> 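To start, I am sharing the structure in question, which I have written as structure tokens.
Owing to the predicted nature of the structure, the values given are computational and were not obtained by experimental measurement. Just follow the structure's listing: the first ligand is 1, and inside any ligand the first atom is 1.
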Amino acid sequence: MSVVTIDGPSGSGKGTIAQLLADELGWHLLDSGALYRVLAYAALEKNISIDDESDALIDLAEHLPVSFSTIDGVTHAMLDGESVEQHIRTETAGNAASKVAAMAGVRQALLGRQHDFAEPPGLIADGRDMGTKVFPNAAAKIFLTASVEDRAQRRYNQLKQKGFDANFRALSQEIAERDARDANRAASPLRPADDAYLLDSSGLTIEQVLQLAKAYLAEKAVI
Ligand code: DC
């Protein structure tokens, strides 16, 4: 049973690449960012503050009734059996997720749940600390990056496509701010694992990135 980790900043395309690889290989997929997004959403729904690490927040993380379901070919994050996909994909939800993700207690509380995704025939784990903290012994580790402009453009297109309002300049700024917060936090900061393959997707198509990723997995004898 192999685990492949794909880490990187938001908008680098890792969610898309992780999904495509999982589909193509018939492996399980862990979208770890969705766990932080659902947690932040659930906390706000229950009037639990996400500004400070509290017992209530840790307790919620430990018992979060989150699951994933495929509806019409699209993966939905579910909370208490109800899809919260539309709620958790907004920029506001992403920023709230970034806050709870900065808390060491929250990360610890969600660790076991992430390990549970490692089931045969294999797992593609998408996140920020998959290769460094959650699956340090993964068979292959990819760190996917892209310039802030490329990432803001992709996010802009994604949001528009989903029917959300989007502002390119505001998105660029938010991405840069979120990067700084994710990279500078004390608990599991965003950084490539020492043994990760650094893949810069700036200016590349999804297909080109996918081919590079697969070439690396083949070289590691994972596929
Ligand atoms: O990948 P994403 O945009 O859905 O992640 C949402 C937030 O969660 C992001 O600010 C970083 C954080 N995150 C994290 O700290 N560790 C992970 N493994 C995944 C996401």
> Heavy-atom distance to atom 15 (O) of ligand 1: which of Arg107, Met103, Gln114, Arg155 wins?
Arg107
> Can Ser202 and Asp200 be counted as having a side-chain donor-acceptor contact under 3.5 angstrom?
yes
> Hey, which atoms in ligand 1 end up nearer than 4.0 Å to a heavy atom of Lys14?
1 (O)
> Starting from atom 12 (C) of ligand 1, locate the nearest protein heavy atom and write down its residue, its atom name and how far away it is, to 0.1 Å.
Ala101 CB, 3.6 Å
> Looking at atom 8 (O) of ligand 1, what's its closest protein heavy atom, distance included?
Tyr36 CB, 3.8 Å
> Which option wins on minimum heavy-atom distance to atom 19 (C) of ligand 1: Ser10, Ser32, Ser188, Ser12?
Ser32
> Under the ring-ring contact (aromatic ring centres under 6.0 Å, His included) definition, can you give me all pairs with a residue in residues 130-150, not counting sequence neighbours?
His115-Phe135
> Find all atoms of ligand 1 within a distance of less than 4.0 Å from any non-hydrogen atom belonging to Asp182, and give their numbers and elements.
9 (C), 10 (O), 11 (C)
> Nearest non-hydrogen contact with atom 20 (C) of ligand 1 belongs to which option: Gly33, Gly94, Ala187?
Gly33
> Do Arg128 and ligand 1 have an N or O pair less than 3.5 Å apart?
yes
> Below 4.0 angstrom from a heavy atom of Gly127, which ligand 1 atoms are there? Numbered from 1 as shown, please.
18 (N), 19 (C)
> Should the pair Glu85-Arg89 be classified as a salt bridge under the 4.0 Å nitrogen-to-oxygen rule?
yes
> I'd like to check which ligand 1 atoms, numbered from 1 as shown, lie under 4.0 Å from a non-hydrogen atom of Arg178.
3 (O), 10 (O)
> Does the Asp182 side chain pair with the main chain of Leu190, one donor and one acceptor, at a distance under 3.5 Å?
no
> Answer yes if the side chains of Gln211 and Glu207 hold a donor-acceptor pair under 3.5 Å, and no otherwise.
yes
> So, using side chain to side chain contact (heavy atoms under 4.5 Å, CB included) as the criterion, who are the partners of Ile58 when residues are at least two apart?
Glu53, Glu62, Val106, Ala109
> So is there a nitrogen or oxygen of Asp126 less than 3.5 Å from a nitrogen or oxygen in ligand 1?
no
> Which atoms of ligand 1 sit under 4.0 Å from any heavy atom of Met130?
18 (N)
> Could you tell me how the ring of Phe117 sits relative to the ring of Phe68: parallel (under 30°), tilted (30 to 60°) or perpendicular (over 60°)?
perpendicular
> Please determine, by modelled atom types, if Arg181 and Ser98 share a side-chain donor-acceptor pair under 3.5 angstrom.
yes
> Check whether the side chains of Gln161 and Asn157 place a donor and an acceptor atom closer than 3.5 Å, and report yes or no.
no
> Using distance alone, determine whether Asp129 and ligand 1 share an N or O pair under 3.5 Å.
yes
> Tell me the contacting part of Arg185 for ligand 1: side chain, backbone, both, or neither, using a 4.0 Å heavy-atom threshold, strictly below.
side chain
> Quick test: of every protein heavy atom, which one is nearest to atom 7 (C) of ligand 1, and how far off is it to 0.1 Å?
Ala97 CB, 3.8 Å
> Tell me which protein heavy atom sits closest to atom 6 (C) of ligand 1, plus the residue, atom name and distance to 0.1 Å.
Arg37 NE, 3.8 Å
> Look up atom OG in Ser2 and atom CG in Asn137, then write down how far apart they are to the nearest 0.5 Å.
12.0 Å
